[in-house]
Amino acid sequence: MIEAIRRRYLDLLGSIYIYNEHRGYTSIERVLEAVRARDPDDHDLIAAIEKHRDDERKHYLMFKRWFELQGKMPLRVDRTCGHIDRFIEIMFRRTIDDLDTQRVIAEDDQFEKLCRVISLTEQRGHKQVHVLLEHPMVKPDKVLMRIFRIIEKDEPSHWAPYDGWLKAHGKRDPKWWERAIDSFIHSELLFLKLPLLFVNPWLRRRSDWADAGESGEWLSRPGPALAA
C-alpha cells in the first residue's frame, strides 16, 4: 500500500515537472525574441537567457528519460499545473500562448513585469527542489535524486539575468503582493490540485511526448546523459 502511494506520488511529481520544463523552454524562446528585438547588442543578457532555455530543455529531457526507464508515459496534466502559466494568466490576464509579444517588446512596464514573474517562478522552483531532495518518497529513487541535484545547481543562474536587467534599468524589486501571488499559486498546486489529481481515477497518460512535433533545430541539440 505504501509503495503504491509512493509510485503514484512520483508519477504525478514527474508529470508536473516534465510539463513545466517543456513549457519553460518553449516559452523562453519567446522571451528571447523580445530581448533580441529590444536589446540586440546586449549579448551577455541574450547568452544568459539562451542558457536558461537550454537548461530547461535539458531538464525536460532528463524527466523524459526517467519515464522511459520505467517504460511508461507521463500523466496528462495541463496548464492548470503550470506555475508560470498561472502566474502569467494572473499578471497579464491572458495565457502564455496569447501573450502579446509585440507589446512586451515595445513597452518597458510589460517587459519589467515579465522579468519579475520569471524571476519569482525560478526562485520558487529552487526552493521546492530543496524540499524534494529531503522528501522521504523521493530519496529512494536515485535517478530522480540525480535530476533534482542537477536542477538545484542550474536554477540560480536562471533568475539572475532577469534580476540583472531590472537592476541595470533602475526597476523595482517584486512587491509583497507579487510574492503573495507566487505563494498562492504554489499552495494551490500543493494543497488542492495535487491531492485532487492523486485520487482522480480518470487521469490518463499521454499518448505522445510534448516535444514530438518540434523542429529539427531542437532535436539536433545534444541531450543530457542520464545513467540508469
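We number each residue from 1, following the sequence as shown.
A donor-acceptor contact closer than 3.5 angstrom links the side chains of Arg124 and Ser183. Between the side chains of Glu214 and His22, at least one donor N or O sits under 3.5 Å from an acceptor N or O. Residues Lys51 and Ser157 bring a donor and an acceptor atom of their side chains to less than 3.5 Å of each other. A donor-acceptor contact closer than 3.5 angstrom is absent between the side chains of Tyr25 and Asp54. Side chain to side chain, Asn20 and His83 fail the donor-acceptor criterion of an N or O pair below 3.5 Å.
With a 4.5 Å cut-off on side-chain heavy atoms, Phe63 and Ser15 do not count as touching. For the pair Ser119/His158, no side-chain contact is recorded, criterion being any heavy-atom separation below 4.5 Å from C-beta on. Residues Lys58 and Glu21 form no side-chain contact, since every pair of their non-hydrogen atoms from C-beta on lies 4.5 Å or further apart. Looking at heavy atoms from C-beta onward, Leu61 lies in side-chain contact with Asp211 at the 4.5 angstrom threshold. Looking at Pro174 and Val117, their side chains never come closer than 4.5 Å, going by heavy atoms from C-beta outward. Side-chain contact check for Gln128 versus Gln123: every heavy-atom pair is 4.5 Å or farther apart. Glu112 places a side-chain heavy atom less than 4.5 Å from the side chain of Arg116.
Checked against the 6.0 Å centroid criterion, the rings of Trp159 and His126 qualify as a close aromatic pair.
Using bins of under 30°, 30° to 60° and over 60° for the plane-to-plane angle, the ring pair Trp165/His169 lands in the parallel bin. The aromatic rings of His52 and Tyr162 lie perpendicular to each other, with more than 60° between the two planes, well past the 30° mark.
Here Leu196 sits in one hydrophobic cluster together with Leu192; the rule is ILVMFWY side chains under 4.5 Å apart, joined directly or through other members.
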Worked verdict on Leu114 versus Val31 for side-chain contact (heavy atoms from CB on, under 4.5 Å):
CA-CA 9 Å; Leu114 182 62; Val31 176; 4.1 Å; yes

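Separating the CE atom in Met62 from the CD1 atom in Ile151 is a distance of 5.0 Å, to the nearest 0.5 Å.
Atom NZ of Lys153 has 12 or fewer heavy atoms from other residues, nucleotides or ligands within 6.0 Å.
Here the closest non-hydrogen pair linking Trp66 and Leu10 is CH2-O, 3.4 Å.
Pairs passing the salt bridge (charged side-chain N to carboxylate O under 4.0 Å, His left out) check and including a residue from residues 89-101, sequence neighbours excluded, read Arg23-Asp97, Arg79-Glu89, Arg86-Glu89.
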